[in-house]
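Accompanying notes for the structure given below.
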Amino acid sequence: MTMDYFSTPTLSSASSQYGVHTGVWTNWSRGSVLGSTLTLSKSDGDLVIAFTAFFVGLIASRFWRIACLIFHRLYSTQEPRDALYHQRQVVLRNSESAGSGVWAVISLLWAWRRSTPAKKILLRTIPLIIFSLASVVGFTVAGGFSSRISTTVGSQVLIDGTNCGFLQLAGPLKGTFQTSKLSSAANYAQQCYSSSNGSVSGVLDCTLFVAKDLDVTVDDTAPCPFKGDICRSDNANLLLDTGYIHSDKHLGINAHPDEVIRIRNTLHCAPLVTEGHTSSHTTPALNYTRYHYGSRAPTSTNVSTTVNYTIEVKDLESQYIQGYQRGSTQYNLDALISARYRNAFYASESNWNASEDLSLPDADVIINFLSGNGILSLNPIDDPWYRMNKTGPEIGYFLSDSKSQAFVPEEAASPMGCAERFQFCSSSECGPLASLDDALENSARLFGITEDLHEADSWDPIWEKYASNRIATRYMWLASMYVVYPATPYISMSVLGPQILDSRRHLQGSFQGSFQGELPKNQWQLDTLYWFRTTLASLQTSFVDIAYGTVDPEFAPYMINITEPGQKDICNNQVCYELLIGRIHPVHLSCPLHFSFFEYDRNIADATLQIINSTQYTSFSLLGLLLTYISGLLIILLSYTLEPLLACLERRRKRKDYALIEWDANEILQLQRLAQEGFGWGTWSNCAKSIPTTASPEEALGGVDYSDPKHLKLHVSRRATDLSERTDGFSADGKSEKALGESTVREDASSRSGTTHTSGKADRYTLQHRFSI
């Protein structure tokens, strides 16, 4: 078992930069038996695949050997038989493979095709042809599918979790980290997620994660998610639902089926009306438009009171000074969240308190304000969020007197409200679909956690209590991931801002500013879907990043390593930073919490066994390999031991097995000996062994008599001629040929023990017996 390492991973550089566990491991998504997996480097894997294909070919040849022995014994008989019988027996004894066997039997059928009755010839050869062809096809397919030992598992590999851990970041460094991760996730979502926004695949590796993308159910005719008439439409809103995301088969967390966690996230959005929700605010410098959808905490440190508006933006005229603002390259997009906890406003996790008509007891409410910021459109845009239908300035063209009418948004900002809900489930039971904090708390009981995670001053005692509870520690680890990493829709929107808009692909810049290309009427839905998919891609990335850890020198000092043996000493000698436990406000934590967070939980190392896809390694089904090689070795072993075993049984039973005698006699070198000896050539020994020999290596044998090219035969030796003249149908002692034939069965037994036949009577007896079969 070894570990391989590469440089710091990014989505664009794909899986080759992740450290991968090589050796044997269990992919629990396939079960404890089928999931047994062997991961090797690409070069070693190619060797295994090539050798397996060769091994299957060897198995095929040895299997054919066993089959031939069985068929030969089934057909064998002491009764006199015709030439086809003997030729078929010889083919069975000497064909080395199913391919050569089927060709030989087909040749027999063709040679005897004019014999009568033809049906009898077919019945005696077709079974062998069918079996031979089945063997050829079967083992050819088996050889081709031997690579399935690898492709059945796919390219799934296990990340080396030696550096598994969380980052503790705050302030600008945390912002840098989240922006980097979300920008990468946005690119992945645009290029790799199946979508209807017209995006095409790019240069990113879309095969990195176990699941290329996470499915989203889209309902674009959903009702208004809020109360009253605050939505612009009652039935043309958007509801996005991930369904149940399984931590194993979707996120790649390698866990026993009983320890799988299921996650569900929904986002229900609608553009909002502004009538009755705006006011003007004038300053000596600029004019502003304020939007009233609830109160907001002050953004300035010298203001201690809560303001009674949600947001203020430059009014439309200020955004489009002199008709349009030169140099503007993108929209302004502001996102706020009003979190809920225990059916009440959760101030510590919110930066805005939603008004009654937007407040929901079971959801976190997000409001997004889109401002034109000087962006113009040469065509009216009827999308209910963009609403660029107001006549703006006329745009002139360089070196031309012609002008075009431009359009600007109808208002300074356009609001869109979204209800964000989460649900967490064990392998058998689900918690409520609710706000993030309510969902995390109310689902904890499903994993055996009875403590109040929100009210606890420190998680240290909780981690210590559940250190031996694998499923509880997995759930606490999941909860920690959600509050540290950018894996919620609000974080994606607040960090990326206008970069999360799919409409940016249609922005065109010029010396006069930026112009929005033509957009469909449902562009806001495409933007929201892209935003949601970016969040899901970030969720996928977060699990992989935690499992792998970081070796980035900028972030490495802030890594809390889960499996690091010396983490206590490192923690005690480390400067503590603010860890953003909440989604809005940083909470100061002491180093002992970080230490105990992982030190008490030794099961957490297993919890972060993360699976990804990689083309740099090859994973094999260990069960498939073992079945292939064990069964193959048994077939090979049987093929080499079956004949000796039959011979041994023959000796133990003290009786002669004619089928085995015929099998030996039909061997190609024995047939050669019989032919030579029948014409009086050679003084032979080892007549019952696979390789008979003559008394002297220099002893001459009979050559081919080709005086008649259409009837080739051996030259007859003088000794055989003299013997034939003396006997003329009788043996030297006066016995008839028939009597000699009946007595040679005993003589053949002595030949199987290695008796040497020299001349005369012994040669004649052997010849009579050998040719009587």
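In this text the structure is predicted, and so the values were computed from the model without any measurement.
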If we count only N and O atoms by modelled type, under 3.5 Å, do the side chains of [X] and [Y] hold a donor and an acceptor together?
{"X": "Tyr85", "Y": "Thr77", "result": "no"}
{"X": "Arg673", "Y": "Gln676", "result": "no"}
{"X": "Ser41", "Y": "Asp44", "result": "yes"}
{"X": "Thr693", "Y": "Asn686", "result": "yes"}
{"X": "Trp684", "Y": "Thr694", "result": "no"}
{"X": "Gln89", "Y": "Ser76", "result": "no"}

Nearest 0.5 Å, please: how far is [atom2] in [Y] from [atom1] in [X]?
{"X": "Leu634", "Y": "Ile59", "atom1": "CG", "atom2": "CD1", "result": "10.0 Å"}
{"X": "Ser135", "Y": "Leu128", "atom1": "OG", "atom2": "CG", "result": "10.0 Å"}
{"X": "Leu214", "Y": "Gln540", "atom1": "CG", "atom2": "CD", "result": "4.0 Å"}
{"X": "Leu626", "Y": "Leu38", "atom1": "CG", "atom2": "CG", "result": "9.5 Å"}
{"X": "Ser247", "Y": "Glu259", "atom1": "OG", "atom2": "CD", "result": "9.5 Å"}
{"X": "Glu662", "Y": "Asn666", "atom1": "CD", "atom2": "CG", "result": "5.0 Å"}

Does some side-chain heavy atom of [Y] sit less than 4.5 Å from a side-chain heavy atom of [X]?
{"X": "Leu69", "Y": "Leu646", "value": "yes"}
{"X": "Arg124", "Y": "Leu84", "value": "yes"}
{"X": "Ile263", "Y": "Leu251", "value": "yes"}
{"X": "Ile245", "Y": "Thr242", "value": "yes"}
{"X": "Ile66", "Y": "Ile70", "value": "yes"}
{"X": "Val216", "Y": "Asp241", "value": "no"}
{"X": "Trp681", "Y": "His715", "value": "yes"}
{"X": "Leu669", "Y": "Pro692", "value": "yes"}

Using disulfide bond (SG atoms under 2.5 Å apart) as the criterion, list what pairs up with Cys648, not counting sequence neighbours.
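None.
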Between [X] and [Y], which heavy-atom pair has the shortest distance, and what is it?
{"X": "Pro257", "Y": "Ser427", "result": "O-CB, 3.5 Å"}
{"X": "Leu671", "Y": "Ala665", "result": "CD2-O, 3.4 Å"}
{"X": "Gly702", "Y": "Leu714", "result": "O-CD2, 3.7 Å"}
{"X": "Val136", "Y": "Gly99", "result": "CG2-N, 3.6 Å"}
{"X": "Cys687", "Y": "Gln670", "result": "O-NE2, 2.9 Å"}
{"X": "Phe55", "Y": "Ile636", "result": "CE1-CD1, 3.8 Å"}

Is [X] atom [atom1] crowded by more than 12 heavy atoms from other residues, nucleotides or ligands, each under 6.0 Å away?
{"X": "Arg113", "atom1": "CZ", "result": "yes"}
{"X": "Tyr629", "atom1": "OH", "result": "yes"}
{"X": "Leu645", "atom1": "CG", "result": "yes"}
{"X": "Ile668", "atom1": "CD1", "result": "no"}

Tell me, please, which residues at least two apart from [X] pass side-chain hydrogen bond (donor to acceptor under 3.5 Å, both in side chains).
{"X": "Glu667", "answer": "none"}
{"X": "Ser100", "answer": "Ser97"}
{"X": "Ser426", "answer": "none"}

Salt bridge (charged side-chain N to carboxylate O under 4.0 Å, His left out) partners of Asp657, counting only residues at least two apart:
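For Asp657, the residues satisfying salt bridge (charged side-chain N to carboxylate O under 4.0 Å, His left out) (neighbours in sequence not counted) are Arg73.
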Any donor-acceptor pair under 3.5 Å from Lys212 side chain to Cys192 backbone:
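Present.
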Mind running side-chain contact (heavy atoms from CB on, under 4.5 Å) on Leu622 and Val24 for me, showing each step along the way?
CA-CA 8 Å; Leu622 192 58; Val24 178; 3.8 Å; yes
Show the numbers, then the answer: is there a side-chain contact (heavy atoms from CB on, under 4.5 Å) between Leu40 and Val48?
CA-CA 9 Å; Leu40 301 173; Val48 171; 3.7 Å; yes
Derivation and outcome, side-chain contact (heavy atoms from CB on, under 4.5 Å), residues Ser621 and Ser36
CA-CA 6 Å; Ser621 169; Ser36 297; over 6 Å; no
Residue pairs fulfilling ring-ring contact (aromatic ring centres under 6.0 Å, His included) with at least one residue in residues 58-79, sequence neighbours excluded
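Passing the test, one end in residues 58-79: Phe63-Phe139, Phe71-Phe131, His72-Trp663.
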Passes ring-ring contact (aromatic ring centres under 6.0 Å, His included), Phe209 versus Phe543? Steps please.
CA-CA 10 Å; Phe209 302 119; Phe543 281 98; over 10 Å; no
Under the 6.0 Å and 45° cation-pi test, does Arg262 pair with Tyr244?
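Arg262 over Tyr244 ring: yes.
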So His250 and His246, would you call those rings parallel, tilted or perpendicular, with 30° and 60° as cut-offs?
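Perpendicular.
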Asp213/Arg533 salt bridge by N-O under 4.0 Å criterion
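The answer is no: the pair does not qualify as a salt bridge.
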Any salt bridge between Arg88 and Asp82, counting N to O under 4.0 Å?
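Result for this pair is no, no salt bridge flagged.
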With side-chain contact (heavy atoms from CB on, under 4.5 Å) as the test, would you mind laying out the steps for Lys713 and Tyr706 before giving the verdict?
CA-CA 7 Å; Lys713 56 185 178 179; Tyr706 56 92; over 6 Å; no
